[in-house]
4 protein chains.
Amino acid sequence: MSVTAFHPDNRFMAETKREAICDAALSLFASQGIDATSTRQIAKRAGTAEGNIYRHFRGKDALVRHLFEENAMALHQTLAEAVDEADDPLERLGALVRGVFAFAADQPVGFAFLFMVSTTGAFHDDPAEWPLPMMLFAQTLKGGFRSGDFRPVDPALATGWIVAMTQRAVILHRTGIVRLGYDALVDQTVEAVQHLLRR
Amino acid sequence: MSVTAFHPDNRFMAETKREAICDAALSLFASQGIDATSTRQIAKRAGTAEGNIYRHFRGKDALVRHLFEENAMALHQTLAEAVDEADDPLERLGALVRGVFAFAADQPVGFAFLFMVSTTGAFHDDPAEWPLPMMLFAQTLKGGFRSGDFRPVDPALATGWIVAMTQRAVILHRTGIVRLGYDALVDQTVEAVQHLLRR
Amino acid sequence: MSVTAFHPDNRFMAETKREAICDAALSLFASQGIDATSTRQIAKRAGTAEGNIYRHFRGKDALVRHLFEENAMALHQTLAEAVDEADDPLERLGALVRGVFAFAADQPVGFAFLFMVSTTGAFHDDPAEWPLPMMLFAQTLKGGFRSGDFRPVDPALATGWIVAMTQRAVILHRTGIVRLGYDALVDQTVEAVQHLLRR
Amino acid sequence: MSVTAFHPDNRFMAETKREAICDAALSLFASQGIDATSTRQIAKRAGTAEGNIYRHFRGKDALVRHLFEENAMALHQTLAEAVDEADDPLERLGALVRGVFAFAADQPVGFAFLFMVSTTGAFHDDPAEWPLPMMLFAQTLKGGFRSGDFRPVDPALATGWIVAMTQRAVILHRTGIVRLGYDALVDQTVEAVQHLLRR
DNA sequence: CATGAATGAGTTTTCATTCAT
DNA sequence: AATGAATGAAAACTCATTCAT
């Protein structure tokens, strides 16, 4: 049995070793990069034995993939909820961008990791295999083009622009290069994205 | 005397081992990533001994930095020439974006490598230390804000947006996700960037 | 459970890989010198993988330091016991010299290694940082000077003389240059050292 | 022809590249140790190309041996002259010890190198193959034993003691552990050595 | 489930030596 | 005689992964 039962504070601790490993790996990956993080470091920070990682995951690669899917799913849910509450395409687009900022603020480590994987790791050649969050952008854009609310540009290209703009805005704010307050940052980016597509 | 004299094709070959090392390293870095490329691979592709890399560069890190500076400088020159031929801020901005596309078409490997370093590697926190090519964007934008040609947005943020949009457009085209012809890709991106800032 | 249980000879074998590494390294260092011994050789003789050395020690340097401290401590204990049994300074001095010979006979490899480090490696500039065994010589000599049993000479210099004489005697005997029997060697050296300081 | 002809100061410079290589190697060996000194370092300090070392010496080993023989010969000559001016064995012994100190003061680098080789490098098992300087000590001691001036101890052992004492005295003074002035250091050591053997 | 010692192929780097010029 | 680029073997060290307990 786990020692956590005696810890009233266990809500602040990883409930299981598996979670501890995930938490440790995620933060290390996000801050140092994936290649630069060793399984030893992960085990040490997780407070467990190195070999234990292999009980829970097939290997380092599988751990990376798991974390990616987990975080992509979380981001997807945030965005899916956001997009549901909006009616017209322009509002939906704004909601998506705001959703990304919300996720980045809420799960800074997960966001950094997602960003890391999506730029460092292999690109997916087929849009049908894009990660779910990007699919939401793509679908929303398509809707706007069909309804005639958006100016005519290549949908895949526009998706790329907007995702890139949003990601970069978060990074620039995080590194302190952009000195704007967070709300102004979000507002300006939402406005810019909408301006870009509004007919 | 060198064997190159007998090779009419020597303009396609590395003149010196140093260049062979640089060429090999650049293409491997660009295609596989920097961490995933070993000095062995570099030496093998360069057709030289591994130890020889260390006669020409202090180490792998120094090789990376050299390649970065070399390619950043080349991009900077392409952009500097492009920006010189334009008069008003909007045209200058368009010329810069076209310059990036031109560089990416002309030096695809160098561009891929620069992109790799700028996203993988450490970000520079201080805009004063940004790589030269980004400085050109920043200066052009500032000019447009001062003259009143551009809509008022945070300059650092706008620089980030535009660089990100341009980079992403190249990548999406290269991976085949965007099926547009290259000229259309360039035109649409230039138009979008100008639209984003035009008052 | 460990394989050693089935080995009645296990008292002659290293109980753990860590000890096997120490034993292998010590004997190789003592016979070939430290620089001339590679981690590969150590691993091979220890019957383990090279990387395993680095699980137990930070690196080759740390292994050397560990062995030095271990052996210096063993010598120190041998000498401390020897010196305790003697009353006046002259006898104490003799006991120390005999102690060194006893250690050299008992732990020939350890002694050779200590000798190697103390002459090859960096000298400690500050007597307060001398290795423990030398401290015993220094203290004994100081006692003799204070009590007036010893002729007046510089204490640090005299310590150096005596330690050097003793070390050299062991080496000369070991290499066969001095053909004396071991007991005669010890007796002559003890007598010489006492003669050197006796008032 | 050499550039030195135009240098009025060439008496301060190595006359030939060969000498430059020897000088550079000797000082590097003496300060860092032989293994820790690379041919590159030697070439750089000598102001010549690395490959040039191999025009003048068969390899690094040959260079080491050459330097050893050169310096051992120089020490031998210093000692031979010193020993010639003394009549009885005790004086000869004192002259030898003083000679070692004189050599160490005059050629500190050469002395440090000799010391390094004699402790680090291989020991000569056969007294007949001892380096020449040690032979002088051995012969002088034998003379003293034969004439009855010296107390009866094993000649090879006594030689070892005295050489060790002398070397150690120089080292201790050089490292600052012994704070005596140089003259006092020499006098005390000479006196001690003579006291050790005087009947 | 959990441990951590053990593995071995891999990495970057150094170095004595050779060779074309 | 001199150069310095080139070589390849070997060095120290890392790391994802396995395995006995």
Side-chain angles (χ1 to χ4, degrees), chain A residues 1-2 16-18 20-21 35-44 46-63, chain B residues 1-3 16-18 20-21 35-43 46-63, chain C residues 1-3 16-18 20-21 35-43 46-63, chain D residues 1-2 16-18 20-21 35-44 46-63:
Chain A
M1 63 129 296
S2 161
T16 68
K17 287 285 178 191
R18 192 174 205 272
I21 289 168
D35 283 340
T37 299
S38 70
T39 50
R40 257 220 198 172
Q41 265 182 300
I42 296 170
K44 191 175 183 186
T48 186
E50 210 176 339
N52 215 5
I53 295 172
Y54 294 83
R55 176 156 318 280
H56 295 291
F57 301 96
R58 210 167 222 300
K60 196 188 178 187
D61 284 357
L63 174 55
Chain B
M1 93 128 303
S2 161
V3 106
T16 68
K17 286 284 178 191
R18 192 176 205 271
I21 289 168
D35 284 342
T37 299
S38 69
T39 51
R40 263 214 207 170
Q41 268 182 299
I42 297 170
T48 187
E50 209 174 338
N52 209 13
I53 294 172
Y54 295 86
R55 171 161 316 281
H56 294 293
F57 301 96
R58 222 173 211 310
K60 197 188 176 187
D61 284 358
L63 175 53
Chain C
M1 89 131 303
S2 163
V3 109
T16 68
K17 285 285 177 190
R18 190 175 206 272
I21 289 168
D35 283 342
T37 299
S38 70
T39 51
R40 261 213 208 170
Q41 267 182 301
I42 296 170
T48 187
E50 206 176 340
N52 210 13
I53 294 172
Y54 295 86
R55 171 162 316 281
H56 295 291
F57 301 96
R58 224 173 209 310
K60 198 186 175 187
D61 284 358
L63 175 53
Chain D
M1 71 129 298
S2 161
T16 67
K17 287 284 177 191
R18 191 175 205 273
I21 289 168
D35 283 340
T37 299
S38 69
T39 50
R40 257 219 198 173
Q41 266 183 300
I42 296 170
K44 191 174 182 186
T48 187
E50 210 175 339
N52 215 6
I53 295 172
Y54 294 83
R55 178 156 316 281
H56 294 291
F57 300 96
R58 213 167 219 300
K60 196 187 176 187
D61 284 356
L63 173 54

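Chain letters run A, B, ... following the sequence lines, proteins first and then strands; every chain starts at 1. Computation of the quantities below employed the complete heavy-atom set of this structure, encompassing side-chain atoms and omitting hydrogens, waters and symmetry-equivalent molecules.
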- Message: Using the rule given for side chain to side chain contact (heavy atoms under 4.5 Å, CB included), can you reason through B/I42 versus B/L63, listing the C-alpha separation, both sets of side-chain angles and the distance that settles it, and then say yes or no?
- Response: CA-CA 11 Å; B/I42 297 170; B/L63 175 53; 4.2 Å; yes

- Note on the structure: Which of F/dT17, E/dA2, F/dA5 is nearest the side chain of B/N52? It is F/dA5

- Item | First of C/Y54 and D/H56 reached from the 5' end of DNA chain F, by closest nucleotide | D/H56

- Expressed in angstrom and rounded to an integer, what is the separation of B/Q41 atom CD from E/dT11 atom P? 7 Å

- Task: Answer yes or no: is there a donor N or O on one side and an acceptor on the other, between the side chain of A/K17 and the main chain of A/I53, under 3.5 Å?
- Result: no

- OP1 or OP2 of F/dA16 sitting under 4.0 Å from any side-chain N/O of A/K60? yes

- Task: Identify, with sequence neighbours excluded, every residue that meets ring pair (Phe, Tyr, Trp, His ring centres under 6.0 Å) alongside A/Y54.
- Result: none

- In whole angstrom, what separates D/F57's CZ from E/dT18's P? 16 Å

- Note on the structure: A/R40 atom CZ is separated from E/dG4 atom P, nearest whole Å, by 12 Å

- Item | Heavy-atom pair with the smallest gap, counting every atom of D/A20 and D/A46 | O-CB, 3.6 Å

- Task: Compare side-chain N and O positions of D/S38 against OP1 and OP2 of E/dT14 and report whether any pair is under 4.0 Å apart.
- Result: no

- Message: On DNA chain E, does the nearest nucleotide to A/G47 precede the nearest nucleotide to B/T39 from the 5' side, or the other way round? Give the residue.
- Response: A/G47

- Query: Over how many whole Å does the gap from C/R18 atom CZ to E/dT7 atom P extend?
  - Reply: 16 Å

- Task: Please report, rounded to the nearest Å, how far the C1' atom of E/dT14 is from the CZ atom of B/R55.
- Result: 11 Å

- Task: Find the distance A/I53:CD1 to F/dC15:P and express it as a whole number of Å.
- Result: 13 Å

- Where do D/D35 and D/K60 come nearest, in terms of heavy atoms and distance? O-NZ, 3.9 Å

- Message: Between C/T37 and A/G51, which residue's closest nucleotide on DNA chain F lies nearer the 5′ terminus?
- Response: C/T37

- Quick one: are B/R55 and B/N52 in side-chain contact, heavy atoms under 4.5 Å? yes

- Expressed in angstrom and rounded to an integer, what is the separation of D/I21 atom CD1 from F/dG4 atom C1'? 14 Å

- Query: For A/T48 and E/dT3, is the shortest distance between a side-chain N/O and OP1 or OP2 below 4.0 Å?
  - Reply: yes

- Task: Give the minimum heavy-atom separation between C/A43 and C/A49, together with the two atoms involved.
- Result: CB-C, 3.9 Å

- Query: Nearest-Å distance, CD1 (D/I42) to P (E/dA16)?
  - Reply: 7 Å

- Message: Let's see if you can work this out: which of F/dA6, F/dG4, F/dA16 has an atom nearest to the side-chain heavy atoms of B/K17?
- Response: F/dA6

- Base-pair string, DNA chain F, Watson-Crick plus G-U, cut-off 3.5 Å on both distances, | for inter-strand, is .||||||||||||||||||||

